[in-house]
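Let me begin by presenting the structure, written as structure tokens, before commenting on it.
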Amino acid sequence: MKDKLESIKKAFQEDLVSCDTAERIEEIRVKYLGRKGAIADITKNLSSVPNEEKSAIGKAVNVLKNKISETLEEKQKAFTSSTKKKDRIDVTFEGIRRNIGSIHPLTITLERINEIFMHLGFRIAEGPEVETEFNNFEALNIPLDHPSRDAFDTFYLGKNMLLRSHTSTVQIRIMKKKKPPIQAIMPGRVYRPDASDAAHSFMFHQVEGLMVDKDIKFSDLKGILNIFAKQMFGEDVKLRFRPSFFPFTEPSAEVDLSCIICGGKGCSVCSGSGWLEILGAGMVNPKVFKKVGYDPEKYSGFAFGMGVERIAMLKYGISDIRLFFENDVRFLKQF
Ligand code: DAH
């Protein structure tokens, strides 16, 4: 009897190897657990076993019966879950669309600005965001008691160091390092003590421009900025130079772009004036040249500074500067 049990066990193990379809599982179940199966057969013959062995053999038969039934159940479960997974493949179903990032509108704008000026012979220079008070103010002819310093006084980092409030600092760095001719643009982040609203941010980006050589004139500045405006906003735009004041340029101008929405007729975007302010500019103040050791009698130059956010807002018709920094993909993926 014991031998018979062993051989059933062995045969079942062998059968299991080929137990890989629903029909085969059922076939094996009938073969061992069915009414005329191997277990039923051996149970029937239990009466011929001597009394003293009966209970031991009976138990062994039960153990084997349970083992076979559990194994087959597991097989059945594994088989149904794998076929369910297979069933789930629907070839007509749309695939999983990965979220692909896009280039940030400020980066697109900055790259375009860089490209235009590089074609005009400007090189790109960069400076640190943590600056000395001297480079941010004194060297640019903004003394300690100058009223224009208020709007610029930013985040101080200990004594005489601060987060720069404009990229004009890089002008100073370049001129201290190198003799003319200089023709460079200087993009980067700047910081202001401004509460944030639709038009203000405590951090934004600027591009500074500087050209210094013998005999650089205001007309060179106008020519360069006109080419920039037309390449950035289209051939039809015009620029207007309004007299203004910056401590580091003399004379200074604020430069307006003919309104790209109404073409200069006057609309809500340009508040009816037909013009949109886009940058500040001027001829480098001789006092600045003296600070960096240039001879103002020998050299002249122009400088300008523009806000990248402002340019991007005009170019794309964006009405709130905060949108650039909120990281909302619904906004970002439009570019
Ligand atoms: N630094 C000025 C600002 O942040 C912008 C500027 C105006 C830069 C005139 C210049 C310039 O180089 O000539 O508001």
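All heavy atoms count here, side chains included; hydrogens, waters and symmetry mates do not. Atoms within a ligand are numbered from 1 in the order they appear, just like the ligands themselves.
Taking every heavy atom of Gln206 and a limit of under 4.0 angstrom, the matching atoms of ligand 1 come to 3 (C), 4 (O). Atom numbering of ligand 1 starts at 1 in the shown order; those under 4.0 Å from a heavy atom of Ser168 are 1 (N), 8 (C). Taking a cut-off of under 4.0 Å to the non-hydrogen atoms of Gln171, the atoms of ligand 1 that pass are 12 (O). For ligand 1, the atoms sitting less than 4.0 Å from at least one non-hydrogen atom of Ala303 are 12 (O), 13 (O), numbered in the order shown with element in parentheses. Within ligand 1, the atoms closer than 4.0 Å to a non-hydrogen atom of Gly280 are 7 (C), 9 (C), 11 (C), numbered from 1 in the order shown. Heavy-atom proximity to Phe246, at under 4.0 Å, picks out these atoms of ligand 1: 7 (C), 9 (C). Each of the atoms 6 (C), 8 (C), 10 (C), 12 (O) of ligand 1 lies under 4.0 Å from some heavy atom of Gly305. Of all atoms in ligand 1, listed by their number and element, those nearer than 4.0 Å to a heavy atom of Gly282 are 13 (O).
Under 3.5 Å, the side chains of Tyr299 and Asp215 contain no donor-acceptor pair of N or O atoms. Between the side chains of Lys238 and Asn226, no donor N or O sits under 3.5 Å from an acceptor N or O. No side-chain donor-acceptor contact under 3.5 Å links Tyr316 and Gln334.
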Would Phe248 and His166 satisfy ring-ring contact (aromatic ring centres under 6.0 Å, His included), going step by step from the backbone distance to the final call? CA-CA 12 Å; Phe248 31 90; His166 49 176; 5.7 Å; yes
Using the rule given for ring-ring contact (aromatic ring centres under 6.0 Å, His included), can you reason through Phe228 versus Phe117, listing the C-alpha separation, both sets of side-chain angles and the distance that settles it, and then say yes or no? CA-CA 7 Å; Phe228 164 72; Phe117 282 107; 5.0 Å; yes
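Scanning the protein heavy atoms around atom 12 (O) of ligand 1, the nearest turns out to be Glu208 OE2, 2.6 Å. Atom 14 (O) of ligand 1 has as its closest protein heavy atom Arg192 NH2, 3.7 Å. Annotation: atom 2 (C) of ligand 1 to nearest protein heavy atom, Phe248 CZ, 3.8 Å.
Taking both residues in full, the closest heavy atoms of Asp197 and Asp320 are given as O-OD1, 4.1 Å, listed atom of the first, atom of the second, then distance.
For the pair Lys222 and Phe241, the cation-pi criterion (under 6.0 Å, within 45° of the ring axis) is fulfilled.
Between the OH atom in Tyr294 and the NZ atom in Lys179 there is a gap of 6.0 Å [rounded to 0.5 Å].
Here Arg173 pairs with Glu131 in a salt bridge; the nearest charged N to carboxylate O distance falls below 4.0 Å.
Not a single heavy atom of Phe302 sits closer than 4.0 Å to an atom of ligand 1. Proximity of Met306 to ligand 1 is not established, as no heavy-atom distance is less than 4.0 Å.
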